[in-house]
Amino acid sequence: MATKPRILTGDTPTHTGLHLGHFVGSLENRLKLQDSYDCYFLIANVHAFTTLADKPADIRANTVGIVKDWLAVGLDPDRSTFVLQSEIPAIAELTFLFAMLIPFKKVMRNPTIKTELATKFGMELGELFGSEGEGKSREGPSFGFPMYAVGQCADILAFRPELVPVGEDQEAHIEMCRDVALKFNQMYCGVNNRVPAEEHAKAGGVFPIPQAKVGRIARLVGLDGVQKMSKSLGNAIFLYDSAKDVQKKINKITTGRQSPTEPGDANNILMQYVDAFVARERAEELKRRYAAGDNIGDGHVKAELGEAINALLEPMRVRRAKLDGPEGDAIVMDVIRRGVKKGNLVAEETLRLAKEGMGLGFGSRRFTAD
């Protein structure tokens, strides 16, 4: 259906909007690649139920918020396809089929699963298999929590992309996705195990073997200087934050430096942000003076940093403000409906090919673009 190579990436609506870590990790790449790739951007609203199952209204509101953020950033639904996960039934079917191809231990060894288990549930992996503790707090996550790792493989492979723009923390998921595609093509499509990954589709495989494309900042640390920037950890600058709120958050960054004449660590959190958001030549000058203790204080650096980040965010804030209210919600719903129609055409074709490869081709559903 497409003459350009395809991209699939997306976001999970666990918060009202996206933050700077999302921007430098993936959104920035999506903007650059819109014209040279056939881009599909997925809102993973079903995955949000792994941690917010008791808050469906929040998930729905967050879904609308993410689409508004995409539009505000500059993603164009006339050049790219916005897809809502819950409206693509082929993804759920592929998740079940792929679950048969991934060893349980491999899923549970996924480093992202371990990290999110600790940060979101305060548990170690071993606690899931030990004796059940007292009270609901020790029940831990639902069975769907580890299943989302398999679901992410289906999210991606349903659209048969060649490239997946992600942050560094998602590379393990892409590696699992590659393993599933390789195994499927070898097991059900007769692709020889000596065929290079990039040749699988040409050799008769249903699935191209997708590659991860990490953003220019692989892992943006949060304002706490410890964890990555995260919606759930309260250490994020959101794309919709006001200029005043952005500066307030930046002012809270601590470096331990006491004086503008004290040589500073050119790799501390503050300087990492300077590297990420201040123009290159000015960033190099600030880092040089900072490291030398050349009469430049943290307050001055924070003020320049705030100006640079607000200059980046201001056009987004203006576009986002135009989407507030019922009219903006209507625009979002129209974008979603159009994307779902196109997304189902691709995903259903993938499911048909996968079922035929597995000997399950007894019929097909039909989706049209009308």
Side-chain angles (χ1 to χ4, degrees), residues 9-11 13 15-35 39 41 43 61-80 82 165 167 215-217 219-224 228-231 234-253 269-287 296 298-332 335:
T9 189
D11 299 295
H15 198 277
T16 52
L18 303 174
H19 55 63
L20 285 177
H22 292 119
F23 183 80
V24 297
S26 179
L27 291 168
E28 199 172 44
N29 269 336
R30 300 181 207 180
L31 287 169
K32 294 176 182 177
L33 299 171
Q34 280 189 113
D35 292 320
C39 294
F41 301 135
I43 306 110
N62 295 347
T63 296
V64 173
I66 281 182
V67 176
K68 288 182 178 181
D69 274 353
W70 286 357
L71 294 171
V73 165
L75 298 184
D76 184 355
D78 291 328
R79 289 185 288 162
S80 303
F82 293 13
R216 66 183 175 91
I217 308 295
R219 180 183 183 273
L220 184 68
V221 68
L223 296 168
D224 56 6
K228 73 164 187 173
M229 186 169 283
S230 169
K231 296 170 284 190
N235 63 0
I237 293 174
F238 292 96
L239 302 184
Y240 57 75
D241 278 343
S242 69
K244 185 176 181 180
D245 286 339
V246 167
Q247 192 63 61
K248 279 183 177 181
K249 289 182 176 182
I250 290 171
N251 289 344
K252 292 180 181 178
I253 293 174
I269 175 180
L270 186 58
M271 290 296 107
Q272 289 179 43
Y273 277 55
V274 167
D275 255 342
F277 300 107
V278 175
R280 181 176 297 177
E281 289 187 7
R282 180 56 178 164
E284 290 301 319
E285 180 184 358
L286 287 173
K287 288 169 63 181
I296 184 167
D298 282 12
H300 176 86
V301 176
K302 290 175 182 179
E304 281 204 41
L305 177 61
E307 289 178 7
I309 291 177
N310 277 317
L312 171 68
L313 296 184
E314 184 56 25
M316 302 180 200
R317 283 192 288 252
V318 171
R319 289 191 288 263
R320 185 68 153 77
K322 293 179 180 179
L323 294 168
D324 288 339
E327 290 186 7
D329 291 347
I331 290 171
V332 168
V335 167

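In what follows, residues are counted from 1 in the order of the sequence shown.
- In this structure, the side chain of Thr9 engages the main chain of Pro165 through a donor-acceptor pair within 3.5 Å.
- A pairwise comparison of heavy atoms in Pro315 and Ala311 identifies CD-O, 3.4 Å as the closest pair.
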**OP:** Carefully, step by step, assess Leu313 and Leu20 under the rule side chain to side chain contact (heavy atoms under 4.5 Å, CB included).
**Re:** CA-CA 9 Å; Leu313 296 184; Leu20 285 177; 4.0 Å; yes
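- Under the 3.5 Å distance criterion, the side-chain polar atoms of Lys68 are left unmatched by any main-chain donor or acceptor of Asp324.
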Subject >> Leu223 and Lys252: CA distance, side-chain angles, deciding distance, side chain to side chain contact (heavy atoms under 4.5 Å, CB included) verdict >> reply: CA-CA 8 Å; Leu223 296 168; Lys252 292 180 181 178; over 6 Å; no
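- Tyr273 places a side-chain N or O within donor-acceptor distance of the main-chain N or O of Val221, the cut-off being under 3.5 Å.
- The side-chain heavy atoms of Arg317 and Val246, taken from C-beta on, include a pair separated by under 4.5 Å.
- In this structure, the side chains of Arg320 and Leu239 stay at 4.5 Å or more apart for every pair of heavy atoms.
- When atom types are taken as modelled, the side chain of Gln247 and the backbone of Ser242 share no donor-acceptor pair closer than 3.5 angstrom.
- Note: Phe238 and His15 have parallel aromatic rings, judged against thresholds of 30 and 60 degrees for the angle between ring planes.
- Annotation: side chain of Phe23 is not in contact with side chain of Leu220 (no heavy-atom distance under 4.5 Å).
- Checking side-chain atoms of Lys228 against main-chain N and O of Gly21 turns up no donor-acceptor pair under 3.5 Å.
- Taking the side chain as every heavy atom from C-beta outward, Glu284 and Asp275 approach each other to under 4.5 Å.
- By the neighbour-count criterion of 12 heavy atoms within 6.0 Å, atom CZ of Arg216 is densely surrounded, having more than that number from other residues, nucleotides or ligands.
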